[in-house]
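Everything below concerns the one structure shown next.
All values reported here derive from a predicted model rather than from experimental measurement.
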Amino acid sequence: RAVDFVARYCTAFQVGARQMPNYTLLRLLGAYGKPVFLKRHPGATLDEWLGAAEHLLTGGVTEIYLIERGSSTNANHVRWDLSLSMIPAIKALSKIPVIVDASHGTGRRDLVSPMTLAGVAAGAGGVLVEVHESPDKSLSDPDQAITPNEFQELMNKVKLVKAAIA
């Protein structure tokens with residue numbers, strides 16, 4: 001019932017990392033004819049992520065975007081360990097675009113720009129970045145948000161990286 005309500009107001013669905021293995025939900029989303037952004041669960045393997053995407057396809061979703069947002073790790077310098085190797089690995093197996101989310105993938109503002117650029121260099125087809133006018137005052141994830149000016153600088157660098165790898 002909640003999906004019916006949300007579908008009336010959204011142009012696309014984003015399936016959060018914790019819902020990635022909710023195969024009933026994934027198959028249900030095809031009925032709405034909207035694009036779906038599927039975040040990788042932090043413990044999911046490449047095969048499990050693609051398997052979740054397969055449930056979307058089985059349900060009838062025709063426009064899918066995969067969001068790489070990091071995995072569980074023993075590293076203690078980041079919240080999640082952004083798995084950049086997932087990007088070219090997915091591209092070798094699938095035509096589904098991969099979006100790099102360095103904000104959630106690291107949880108650290110100072111790493112958002114370099115990891116976003118690394119993701120683009122690895123072949124990401126898009127970026128997801130948390131932006132806030134005053135990141136320290138953000139009610140959600142203040143440690144990983146960047147300012148609009150920092151975002152503009154990042155996008156200028158993204159264009160340079162895209163041009164260099166083209």
Side-chain angles (χ1 to χ4, degrees), residues 1-73 78-107 111-112 115-132 138-141 144-146 151 154-155 158-159 161-163 165-166:
R1 290 183 314 235
V3 177
D4 287 338
F5 177 77
V6 171
R8 282 186 256 159
Y9 301 100
C10 74
T11 56
F13 290 104
Q14 177 179 286
V15 177
R18 280 174 250 152
Q19 291 300 316
M20 186 204 92
N22 185 341
Y23 305 131
T24 301
L25 171 65
L26 299 179
R27 286 189 301 275
L28 174 72
L29 293 176
Y32 296 93
K34 296 177 185 271
V36 176
F37 293 82
L38 178 64
K39 286 194 168 197
R40 184 168 71 90
H41 184 278
T45 65
L46 181 143
D47 290 338
E48 291 166 337
W49 196 18
L50 285 176
E54 206 169 297
H55 282 277
L56 289 168
L57 292 169
T58 299
V61 176
T62 59
E63 190 175 350
I64 301 171
Y65 302 90
L66 300 175
I67 301 176
E68 170 49 41
R69 45 89 65 220
S71 57
S72 301
T73 179
V78 290
R79 183 186 317 152
W80 303 110
D81 195 16
L82 188 61
S83 303
L84 295 176
S85 64
M86 281 287 198
I87 298 167
I90 290 285
K91 288 181 68 165
L93 297 172
S94 171
K95 300 225 181 280
I96 302 172
V98 181
I99 296 170
V100 63
D101 178 357
S103 295
H104 285 95
T106 65
L111 297 179
V112 169
M115 295 305 287
T116 296
L117 296 172
V120 171
V127 302
L128 191 156
V129 178
E130 290 201 20
V131 179
H132 193 282
S138 175
L139 298 178
S140 173
D141 299 325
Q144 64 197 35
I146 63 174
F151 180 73
L154 175 57
M155 290 302 98
V158 163
K159 290 176 187 173
V161 171
K162 290 289 284 180
I165 63 172

Value rounded to 0.5 Å, distance of [atom1] in [X] from [atom2] in [Y]:
X: M86; Y: W49; atom1: CE; atom2: CH2; answer: 6.5 Å
X: I67; Y: D101; atom1: CD1; atom2: CG; answer: 6.5 Å
X: L38; Y: I96; atom1: CG; atom2: CD1; answer: 8.5 Å
X: S85; Y: L46; atom1: OG; atom2: CG; answer: 8.5 Å
X: L82; Y: M115; atom1: CG; atom2: CE; answer: 4.5 Å
X: I64; Y: K95; atom1: CD1; atom2: NZ; answer: 14.5 Å

Can you name the nearest heavy-atom pair linking [X] to [Y], along with the distance?
X: V129; Y: S103; result: CA-OG, 3.5 Å
X: S72; Y: W80; result: OG-CZ3, 3.5 Å
X: Y32; Y: A7; result: CD2-CB, 3.3 Å
X: A17; Y: R69; result: CB-NE, 3.7 Å
X: L84; Y: A118; result: CD1-CB, 3.4 Å
X: L29; Y: V61; result: C-CG2, 3.9 Å

Tell me whether [X] contacts the main-chain N or O of [Y] through its side chain, where contact means a donor paired with an acceptor under 3.5 Å.
X: K39; Y: Q14; answer: no
X: S94; Y: I90; answer: no
X: Q19; Y: G16; answer: no

| field | E130 side chain to H104 side chain, donor-acceptor N/O pair below 3.5 angstrom | value |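 Distance-only check passes for E130 and H104.
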| query | Does the side chain of R40 pick up a donor-acceptor pair with the side chain of S83 at under 3.5 Å? | reply | yes
| Residue pair I99 / L66, side-chain heavy-atom distance below 4.5 Å |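 No - every pair of side-chain heavy atoms lies 4.5 Å or more apart.
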| message | Are the side chains of L26 and T58 in contact, using a 4.5 Å heavy-atom criterion? | response |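 Heavy-atom side-chain distance check fails, nothing below 4.5 Å.
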| request: Please step through side chain to side chain contact (heavy atoms under 4.5 Å, CB included) for the pair V100 and I87, ending with a clear verdict. | output: CA-CA 8 Å; V100 63; I87 298 167; 4.1 Å; yes
| message | Pair E63, L56 - check side chain to side chain contact (heavy atoms under 4.5 Å, CB included), show working. | response | CA-CA 9 Å; E63 190 175 350; L56 289 168; over 6 Å; no
| Aromatic plane relationship, H55 with Y23 - under 30° parallel, 30 to 60° tilted, over 60° perpendicular |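 Y23 vs H55 ring planes: parallel.
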| task | Decide side chain to side chain contact (heavy atoms under 4.5 Å, CB included) for F13 and V6; before the verdict, give the C-alpha distance in whole Å, the side-chain angles of both, and the deciding distance to 0.1 Å. | result | CA-CA 9 Å; F13 290 104; V6 171; 4.0 Å; yes
| query | Do V120 and K162 pass the side chain to side chain contact (heavy atoms under 4.5 Å, CB included) test, and can you show the C-alpha distance, the side-chain angles, and the key distance before you say yes or no? | reply | CA-CA 7 Å; V120 171; K162 290 289 284 180; 3.5 Å; yes
